[in-house]
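Report on one structure; see the data block that follows.
Every number for a ligand or one of its atoms is a count from 1 in the order of the listing. Side-chain atoms are counted along with the backbone in the values below, which use heavy atoms only and exclude waters and symmetry mates.
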Amino acid sequence: MLETTRTYRAKIANHSHVSDDLDQCGFSASKLWNVARYYTQGRWDEDGEIPDDGELKSELKEHERYSDLHSQSSQRVLEELAESFTSWYKARQRGDEDANPPGYRKHGDEHPRSTVTWKQKGIKHDSKHNKLRLSKGFNLKTHRSDFILCEYETRPDVTVENIQQVRAVWNGDRWELHLVCKVEIPVEDAPGDNTAGIDLGIKNYLAIAYDDGDAELYPGNVLKQDKHYFTRDEYDTEGENGPSKRALRARQTLSCRKDHFLHALAKHVVEQCIDHEVGRIAIGDLSEIREDENGESRNWGKRGNKKLHGWEFDRFTNLLEYKAEEHGILVDRTSEQDTSKTCSCCGRKRDSNRVERGLYVCESCGATMNADVNGAVNIRRKITQNPPTGDMSNGCLARPVAYLFNQTSGSFHPREQVGCEP
Ligand SMILES: [Zn+2]
């Protein structure tokens, strides 16, 4: 068995009853953040040091704002501040001049609703009735009851138990809960010793290539249609106060549908890998491209338009890792360097090799193949020993099958054979 954590999103069923209390906690978390931010500034100005979370906790535990929240919730706010200072400091040392230190959480006289985290001592869970008792701090207890009783709803296939943390997150419209649960998953033997390579992009959301020359494309057509449909209101309703309620709601629906797509895709890919007796998957790591040394990390131009945003790459890769590890399949994040420029048939990288209408054309060996599949084959090669042979028996003969997502059934179905001309 493998012990790990899963985070489930939950809707608050009795939102109107608890939203005032959650607001109070959210505002308090912002105030405590600002107190600690101010303290950190003082230490920095005085002797050029950034206090760690241990110092923040011992210095501020007597502060009035510390007692607004449950002590573990207050501690988490201080940890978050220390973490963001650390990552800013690291970015600074790397020479990233655009990096900013964490700011104050205040807009005029208003405090935003910060995320509030409860750890085990502040949580009582009634799993039978889907209820959570979340403790408040001493200050907020005096004129109200001393806990917030939330009724929650999760996706039907989710079992909520062994809760480690509850996070209340303001999504711009209402509060939602993120439940971090400890889970034990059985570790199976890997389905086999084969490998697969995955290339993530925009035109084809995902391309995968296997040892035996099979390849599949996932165009992500529904994502484009969804985006078009659910953002149509934003352009004419965006006023001084930002997007309208309606546009916000549409944006949430969009993100929900996208989430559904990503879950289904990760699940489907793992099933395909089991069929192909795959034990290891290589996936091109896009976060590396963002941080290349030529200072081109912010150049979203030619390549950026074609590729996913870093956070979305992480989101999908995490899902894939979760689902793959349950079946004993390893997921390797590998460098994408040169994988789109190199010919997977002969292994040559030439500037004259080109991509035309999604087809990769090699000047050296004459191979013509789907460009995304070419990338996926090259990514797979990064974790296998067999080099390109030039005999065009591997990869080049791949006739990718395109799989389309059916929103109603929530599953993927092959379209028609497309791909490389002989
Ligand atoms: Zn070639």
Could you check whether any side-chain heavy atom of [X] comes within less than 4.5 Å of a side-chain heavy atom of [Y], counting everything from C-beta outward?
{"X": "Q407", "Y": "F261", "value": "no"}
{"X": "I148", "Y": "L22", "value": "yes"}
{"X": "T86", "Y": "I50", "value": "no"}

Check your understanding: Who are the side-chain hydrogen bond (donor to acceptor under 3.5 Å, both in side chains) partners of R6, not counting sequence neighbours?
Key -> E326
Point to revise | Under-4.0 Å salt bridge between R315 and D259 | key: yes
**Study point:** side chain to side chain contact (heavy atoms under 4.5 Å, CB included) partner of L179, the single match among T7, I123, L132
**Key:** L132
Review point. What protein N/O/S atoms are found closer than 2.8 Å to the Zn ion (ligand 1)?
Key: C343 SG, C346 SG, C362 SG, C365 SG
